[in-house]
There are 2 protein chains.
Amino acid sequence: MADGLTVGEVADKTGLTAYTLRWYEQVGLLDPIPRDHAGRRRYRLRDVERLDLLTKMRATGMPVREMVRYVALVRAGTHNRRERLELLEQHRTTVLRQISELQRDLAVIDRKITRYRGHLHAEQTD
Amino acid sequence: MADGLTVGEVADKTGLTAYTLRWYEQVGLLDPIPRDHAGRRRYRLRDVERLDLLTKMRATGMPVREMVRYVALVRAGTHNRRERLELLEQHRTTVLRQISELQRDLAVIDRKITRYRGHLHAEQTD
DNA sequence: CTCGCAGTTAGAGCACACTCGAAGTCAAGC
DNA sequence: GCTTGACTTCGAGTGTGCTCTAACTGCGAG
């Protein structure tokens, strides 16, 4: 058929729903997706590539609002690469902090687990 | 004054707001907090200790619904320690997966960062 | 005694990120 | 030619986790 993927195909590929893909376009995360003669979206390679980065940003907790800001920079041209870089580096720092907080908090939970294991072991040997 | 901490003091200590503390009690994450003669909450040590675990659970992404389930087990007595342990171990697994997904997703973002650094370096040396 | 602040309640409101319903169009298979 | 199913739009609805408003009470400082 026509080239480009349908919304359903992209949904399968990215793990997002078709609803979400249309919504992403609406809020400005995707440039307007070209349509076939029947008005149906046909996602190009570059749209799917963009989604690849976007889903990683979301999965690491970047708010949609900030992703929109990044995409706006991309759309604005190549002169702001430094700003884009700063945004990504900032996020990188945030994610690293996030990971180490998870590890720290998990340690508290682990101590609790150890305690329960102790209780159960004591019961067993009574 | 009376012993036990006020809601404001506990808010400061835990980083939660007073609103959230009252809401936690309302949804069953905290047992009813005893009141002083004027009807004001006085949090006991064990309430604060419970909050210490609860905030770690939340911070690692456990849904409130599941925390409520855990607290219900605690309230039900000591005979279900195995069930509590299983719940915590399950969560532990979830958090570990979460961490490694963050690391995997961050790698994609890191590649993008590297690309931008390359661009900027090229510009510089032109 | 008055002021100001911290607390109380019930219930409403909010931010975020989707998620869905309704009503319609189109293309391909039987 | 009719049905099926994937697509379209627009706007409304949902789940989660708080967050706040309004109206009120009561303690402690000056």
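Chain naming here is simple, since letters A, B, ... match the order of the sequence lines and numbering starts at 1 in each.
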Any residue meeting side-chain hydrogen bond (donor to acceptor under 3.5 Å, both in side chains) with B:Thr17, in chain and number order, not counting sequence neighbours: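 B:Thr17 satisfies side-chain hydrogen bond (donor to acceptor under 3.5 Å, both in side chains) with B:Thr20 only.
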Compute the bend angle of the helix from C:dC1-D:dG30 to C:dC30-D:dG1 from the end axes (five pairs per end), rounded to 10°.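 The helix from C:dC1-D:dG30 to C:dC30-D:dG1 shows an end-to-end axis angle of 0°.
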State which residues pass side chain to side chain contact (heavy atoms under 4.5 Å, CB included) with [X]; sequence neighbours excluded, sorted by chain then number.
{"X": "B:Ala72", "answer": "none"}
{"X": "B:Ala38", "answer": "B:Asp36, B:Arg40"}
{"X": "B:Gln90", "answer": "B:Thr94"}

Nearest-Å distance for atom pair CD1/P, residues A:Ile33 and D:dT9: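 Roughly 11 Å, once rounded to whole Å.
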Are A:His37 and C:dC26 close enough that a side-chain N or O sits under 4.0 Å from OP1 or OP2?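 So the side-chain polar atoms of A:His37 never come under 4.0 Å of the phosphate oxygens OP1 or OP2 of C:dC26.
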Phosphate OP1/OP2 of C:dC18 contacted by A:Tyr24 side-chain N/O (<4.0 Å):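 Yes, A:Tyr24 has a side-chain N/O under 4.0 Å of OP1/OP2 on C:dC18.
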Proximity to DNA chain D (any heavy atom under 4.0 Å), residues of residues 7-16 of chain A only: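 Nucleic-acid contacts, sorted: A:Val7, A:Gly8.
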List the atom pairs, with distances to 0.1 Å, where a side-chain N or O of residues 21-35 of chain A and a protein N or O form a donor-acceptor pair under 3.5 Å, not counting sequence neighbours.
unit_1: A:Glu25; atom_1: OE1; unit_2: A:Arg41; atom_2: NE; d: 2.7
unit_1: A:Glu25; atom_1: OE2; unit_2: A:Ile33; atom_2: N; d: 3.2
unit_1: A:Asp31; atom_1: OD1; unit_2: A:Arg50; atom_2: NH2; d: 3.1
unit_1: A:Asp31; atom_1: OD1; unit_2: A:Arg75; atom_2: NH1; d: 2.2
unit_1: A:Asp31; atom_1: OD2; unit_2: A:Arg50; atom_2: NH2; d: 3.4
unit_1: A:Arg35; atom_1: NE; unit_2: A:Ile33; atom_2: O; d: 3.0
unit_1: A:Arg35; atom_1: NH1; unit_2: A:Gly39; atom_2: O; d: 3.0

Holding to salt bridge (Lys or Arg N to Asp or Glu O under 4.0 Å), I want the full list of residues that pass it with A:Glu89, two or more places apart in sequence or in another chain.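 A:Glu89 satisfies salt bridge (Lys or Arg N to Asp or Glu O under 4.0 Å) with B:Arg117 once adjacent residues are dropped.
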Test salt bridge (Lys or Arg N to Asp or Glu O under 4.0 Å) applied to B:Arg82 - qualifying residues, sequence neighbours left out: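 Not a single residue meets the salt bridge (Lys or Arg N to Asp or Glu O under 4.0 Å) criterion with B:Arg82.
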Would you list the protein and nucleotides 21-24 of chain D atom pairs, both N or O, that sit under 3.5 Å from each other?
none

What string of B, S and - do you get for nucleotides 11-16 of chain D, 5' to 3', if B is base contact, S is sugar-phosphate-only contact and - is no contact with any protein heavy atom under 4.0 Å? -----S
Reading DNA chain D from 5' onward, which residue's closest nucleotide shows up sooner: B:Gly61 or B:Ala38?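 This one resolves to B:Gly61.
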Contacts under 3.5 angstrom, residues 106-113 of chain B side chains, donor-acceptor by atom type, not counting sequence neighbours:
unit_1: B:Asp110; atom_1: OD1; unit_2: A:Arg92; atom_2: NH1; d: 2.9
unit_1: B:Asp110; atom_1: OD2; unit_2: A:Arg92; atom_2: NH1; d: 2.9

